[in-house]
Amino acid sequence: MPAMNEKIAVVGAGLIGRAWAIVFARAGCSVAIYDALPEALANCRKLLHENISDLAQQGLISETPEVVLARISTAGSLAEALQGAALVQENVKETVEVKRAIFAEMDKLAGPDTILTSSTSWIPTSDFSAELPGRHRMLVAHPVNPPYLVPLVELAPAPWTAPEVVERARDIYARAGQSPVLLKKEITGFLLNRIQGAVLNEALNLYENGYASVADLDTVLKDGLGLRWSFMGPFETIDLNAPDGVLDYAKRYGHTYRDVAKTQLPNAWQAETLQKIENERREVLSAGQLEARARWRDNRLMALVGHKRKQPV
Ligand SMILES: NC(=O)c1ccc[n+]([C@@H]2O[C@H](COP(=O)([O-])OP(=O)(O)OC[C@H]3O[C@@H](n4cnc5c(N)ncnc54)[C@H](O)[C@@H]3O)[C@@H](O)[C@H]2O)c1
């Protein structure tokens, strides 16, 4: 039986909001989900049921889909959703203005101990919380899509977020089965999107300058680096790739990385390059097949998560 019993409010019932609802309900929380669009809420239960059933089929939930789904209720208003919540996970549109407005409203409606978090992918906490009386209880908690399969959550507080709030949020995400990491300072893109951006930037440059095809560059990750990356990061990798650890690796190969870095320039994301990449992708996967392929990806991810759960750390 899952261990959590806090109430969690999820604001925004789109892709990420629904996924968070599953994370918390799976862990035992009662979840109230709210959306400004009534049709988003109306569709919510069917979509949630589909996703939770997929998890059950892969053995990734310990209860029946119905039991997990029964913990999620739709709220008729923001106030109703926030009532009694330990933590609010906001997942509305990605603009600073919208985030400022919703955090101002949530700050008025939430109880004094409620933690207010945002799923924003790019907007620092300071940008939407600076003017608000309850800014000490606000922070970014950036997930990876879908958070019920990919556990990383990046906690990125503002300088004025109370350390006690960050600690309480970290504890809630960890108990919900997520893998929280903490940004010690604010930076646009947080950690994951900055690293993903560096990889994309280099892949775009290599493609644009004619070094390899789209398919081969994707293969470098899926049959090369990515295999290792699902269980260790770049620092542990270099620690193990020379007999005496990190310093030994740096002594052997550091100069080559320094030389390569001098040739790694920013990429402008030119329309012409992106159109060519689009064309190469559409040759192997038609637009009509995108949805089915995304479902295939999620099923592969579920199998991988299942495998990782059975391994020692
Ligand atoms: N999609 C991703 O891969 C991903 C990954 C990580 C983080 N995020 C972040 O999560 C957030 C949500 O993204 P998404 O992909 O779920 O978007 P989405 O468009 O699927 O969902 C947004 C939902 O918010 C609702 N909404 C808009 N304004 C509202 C308001 N004022 N009050 C209540 N509901 C409101 C909309 O009706 C919609 O249902 C964004 O900040 C995004 O950057 C997205």
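Just so you know, residue 1 is the first one in the sequence shown, and it goes up from there. Please read all numbers here as calculations on a predicted model, not as lab measurements. No hydrogens, no waters, no symmetry mates; every other heavy atom, side chains included, goes into these values. First listed ligand is number 1; within each ligand, the first listed atom is number 1.
Checking atom 28 (N) of ligand 1 against the protein gives a heavy-atom contact under 4.0 Å. In this structure, atom 17 (O) of ligand 1 is not in close contact with the protein, since no protein heavy atom lies within 4.0 Å of it.
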(request) May I have the step-by-step check of side-chain contact (heavy atoms from CB on, under 4.5 Å) for F235 and V246, ending in yes or no? (result) CA-CA 8 Å; F235 296 133; V246 171; 5.8 Å; no

(message) Set out, in order, the CA-CA distance, both residues' side-chain angles and the distance that settles side-chain contact (heavy atoms from CB on, under 4.5 Å) for L69 and R45, then state yes or no.
(response) CA-CA 8 Å; L69 191 61; R45 293 199 86 72; 3.6 Å; yes

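Looking only at atom types and distance, the side chain of N267 has no donor-acceptor partner in the side chain of N201 under 3.5 Å away. Side-chain contact annotation: E202 with Y207, donor-acceptor N/O pair under 3.5 Å absent. Of the N and O atoms on the side chains of S119 and W20, at least one donor lies less than 3.5 Å from an acceptor on the other residue. In the model, T125 has no side-chain atom that pairs as donor or acceptor with a side-chain atom of W160 under 3.5 Å.
Proximity to A40 (heavy-atom distance under 4.0 Å) selects the following atoms of ligand 1: 39 (O). When each atom of ligand 1 is checked for a heavy atom of L37 under 4.0 Å away, the hits are 37 (O). Each of the atoms 6 (C), 7 (C), 8 (N), 9 (C), 42 (C), 43 (O), 44 (C) of ligand 1 lies under 4.0 Å from some heavy atom of S121.
When the options R100, R137, R135 are evaluated for a salt bridge (charged side-chain N to carboxylate O under 4.0 Å, His left out) with D107, the one that passes is R137.
At the shortest separation from atom 20 (O) of ligand 1 among protein heavy atoms lies L15 N, 3.1 Å. Looking only at protein heavy atoms, the nearest one to atom 12 (C) of ligand 1 is N91 O, 3.4 Å. Nearest protein heavy-atom contact of atom 9 (C) of ligand 1 is S119 O, 3.4 Å. The protein heavy atom nearest to atom 21 (O) of ligand 1 is G14 CA, 3.3 Å. Scanning the protein for heavy atoms near atom 33 (C) of ligand 1, the closest one is A36 N, 3.2 Å. Residue, atom and distance of the protein heavy atom nearest to atom 6 (C) of ligand 1 are P143 O, 3.4 Å.
When N193, V144, T120, V92 are checked for heavy-atom proximity to atom 26 (N) of ligand 1, V92 turns out nearest. Nearest to atom 41 (O) of ligand 1 by heavy-atom distance, out of E90, K93, E94, is E94. Comparing I16, N145, V150 against atom 15 (O) of ligand 1, the shortest heavy-atom distance belongs to I16. The heavy atom nearest to atom 38 (C) of ligand 1, considering only V11, L41, D35, T95, is found in D35.
There is no path of hydrophobic side-chain contacts, each under 4.5 Å, that joins I22 to V67.
Under a 4.0 Å heavy-atom criterion, K99 is in contact with ligand 1. The shortest heavy-atom distance from V98 to ligand 1 is not under 4.0 Å.
For I102, every heavy-atom contact with ligand 1 shorter than 4.0 Å involves the side chain, none the backbone.
Between the side chain of Q289 and the main chain of S286, a donor-acceptor pair closer than 3.5 Å is present. Distance alone, capped at 3.5 Å, is enough to place a donor-acceptor pair between the T161 side chain and the M138 backbone.
Side chains of V11 and I33 form no contact here, defined as non-hydrogen atoms less than 4.5 Å apart.
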